[in-house]
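See structure below.
Each chain gets a letter, A, B and so on, in the order its sequence line appears, and its residues count up from 1.
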Amino acid sequence: MTLNVYNTPLKKKKAFEPLHANKVGMYACGVTVYDMCHIGHARSLIVFDVIARFLRKKGYDLTFVRNFTDIDDKIIARANSLGTSYRDVADRYIEEYRTDMDILKVRPADIEPKATDHISHIIDMVRILEEKEYAYRADDGSVYFSVSRFRGYGKLSGRRTEEMIAGARVDIEDLKRDPLDFALWKRSKEGEPWWDSPWSKGRPGWHIECSAMSTHFLGATLDIHGGGRDLIFPHHENETAQAEAALGAEFVRYWIHNGFVTIDGEKMSKSLGNFMTIRELTKDVHPEILRLLLLSRHYRSPIDFSNEAVNSARQALVRFYEMLDRVNHSPAEDRESRLEGLVGTFSRDFDEAMCDDFNTAKAIACLHDLTTEINRALDQDPKISRKDQSALKASMGEVTDIFGVFGEEPGEFLEAMKRGSVQVTGLSEQEIQGLIEERNLARKTKDFKRADEIRDTLKAKGIQLKDSPEGTAWEKI
RNA sequence: GGCGGCAUAGCCAAGUGGUAAGGCGACGGUCUGCAAAACCGUUAUUCACCGGUUCAAAUCCGGUUGCCGCCUCCA
């Protein structure tokens, strides 16, 4: 199955062909480390995590780079308000980020460079831009990129420079020759961190770090560059201008941008203050639920985050795990396979969905189909052949490798879901167990009135009983 | 003001020219002492609205309405 990828500037899907045969260089914009990550970050991180996992699964030799922006105005502001250094702030939030990624089962990128470790590469690139007269030094020792000098400016975001100038919201700074120009190097103010450069004691502009680091690690042309939609303009537009002006090569073959997470239909952002941190959220929401939720819509579409959405993802995940648990507990025998066809169809459909611009939503639908089929087969005959059992496990293992869900032992997962929710019922496990025993005694003596009473009482507290030949189980509704 | 995106059942949501995936919910059934789970069946003649192109349109084109995003830090 060939992979088709949507390319932002073309606005359509195109067969994926890396520059060098099987080798793929992918760069994703990481986070600015001045605060805790929120679920908007989580989406972007998970989307590119899944893309990276899938590319590897397809046999590509991937080098994945995701940066940390560890010097910028917000970090400095944060450091000042805490009375500490920018370094302390950056290091602290890099650690927090790593903790979040562990929680979310997001695999680290191959290379996770920090801007401040690449000041010399940044300076080199700015110097080239200056030599080629794409950049100019302002009176204060800052350096700006001259947008009007670069002919292709606007090709990524589909904007024309004349229109932007006509627009009302371009901010005017005296030091710039043109309002659209942007800083490559900023002279540091008194008390701010600085690095030596040919122009002034200062620090890099925001956009240049990505151009410099991505091309440093991956070469002048990247196969894939991604990030959130909001980075298209100006960040990625500016990155492109700098990199192409400096290196004279096409910067990016495929631009991939993920949609936002919204809350009540509004974009979640720091400035609106309506964000939810990953840490806070994963206190009560299992990380796999969050992953499944974020993968349940196509990566380019917005996702509205709500309790309802979380519950729906939880239900789906539990359904999948219950099926897996059922397969694990089915009596296994040496007998003819009867699920081989199902598993094969599933693998093909899943791959096809993912090859269609990483359509995780469609891939999840395939999982639902498979689950229904397996349950149906086990309803008809609860015995399962060892062959089928291992084929299914292998197939689900592939899904785990790509989606990062179903990574837990099903029985343990279901048990943990139950246990984690006991506290909100106001009952202890012993109390629940006691009531179940009392009810089963009542059932034996055909005192169904008392039995139903107990069941309804537990249900009112959020506990659903499930009778089966093996006994009575319960779960949190 | 400029640029762009989206609009599919009660809800969530796939689907970019070939006759509407999937999930949740609801209803009916099998199972069960009764439930729950699981399974079976029903739940959009129709894809915001109006026109056009085509043998064929949710999909392409033009217009209208509504929502959202970017143009300022943003995943």
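Relative ring orientation between A/Tyr153 and A/Phe233 is described as perpendicular, the plane-to-plane angle rising above 60° on a 0-90° scale split at 30° and 60°.
Using a 4.0 Å heavy-atom distance criterion, A/Phe260 is classed as a base contact.
Atom name P, nucleotides B/A20 and B/U42: the rounded distance is 15 Å, in whole Å.
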N/O donor-acceptor pairs under 3.5 Å from side chains in residues 32-40 of chain A, not counting sequence neighbours:
from, atom 1, to, atom 2, distance (Å)
A/His38, ND1, A/Gly40, N, 2.9
A/His38, ND1, A/His41, N, 3.3

Show every donor-acceptor pair shorter than 3.5 Å between a side-chain atom in residues 340-347 of chain A and any protein atom, with sequence neighbours excluded, or say none if there are none.
from, atom 1, to, atom 2, distance (Å)
A/Thr345, OG1, A/Gly341, O, 2.9
A/Ser347, OG, A/Val343, O, 3.1
A/Ser347, OG, A/Ser395, OG, 3.2

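The side chain of A/Lys267 approaches B/A75 more closely than any other nucleotide in the set B/C71, B/A75, B/C40. Side-chain atoms of A/Arg326 lie closest to B/A38 of the nucleotides B/G15, B/C34, B/A38. Listed candidates were B/A14, B/A75, B/A38. Nearest to the side chain of A/His38 is B/A75.
In secondary-structure terms, RNA chain B builds stems of at least 3 consecutive Watson-Crick or G-U pairs, each pair having both distances under 3.5 Å, at B:1-7 with B:65-71, B:10-12 with B:22-24, B:25-30 with B:38-43, B:48-52 with B:60-64.
Between A/Arg300 and A/Asp452, the residue whose closest nucleotide on RNA chain B is further toward the 5' end is A/Arg300. Looking at which nucleotide of RNA chain B each of A/Asn258 and A/Arg159 is closest to, the 5′-most match is held by A/Arg159.
Within the structure, salt bridge (charged side-chain N to carboxylate O under 4.0 Å, His left out) pairs that include any residue of residues 364-377 of chain A comprise A/Glu373-A/Arg376 (at least two apart or interchain).
The interatomic distance linking A/His257 (NE2) with B/C68 (P) rounds to 23 Å, in whole Å.
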Table of protein N/O atoms under 3.5 Å from nucleotides 35-37 of chain B N/O atoms:
from, atom 1, to, atom 2, distance (Å)
B/A35, N6, A/Asp467, O, 3.2
B/A35, N1, A/Asp467, N, 2.8
B/A36, O4', A/Gln464, NE2, 3.1

Expected rows: protein N/O vs nucleotides 19-26 of chain B N/O, under 3.5 Å:
from, atom 1, to, atom 2, distance (Å)
B/C24, O3', A/Gln315, OE1, 3.1

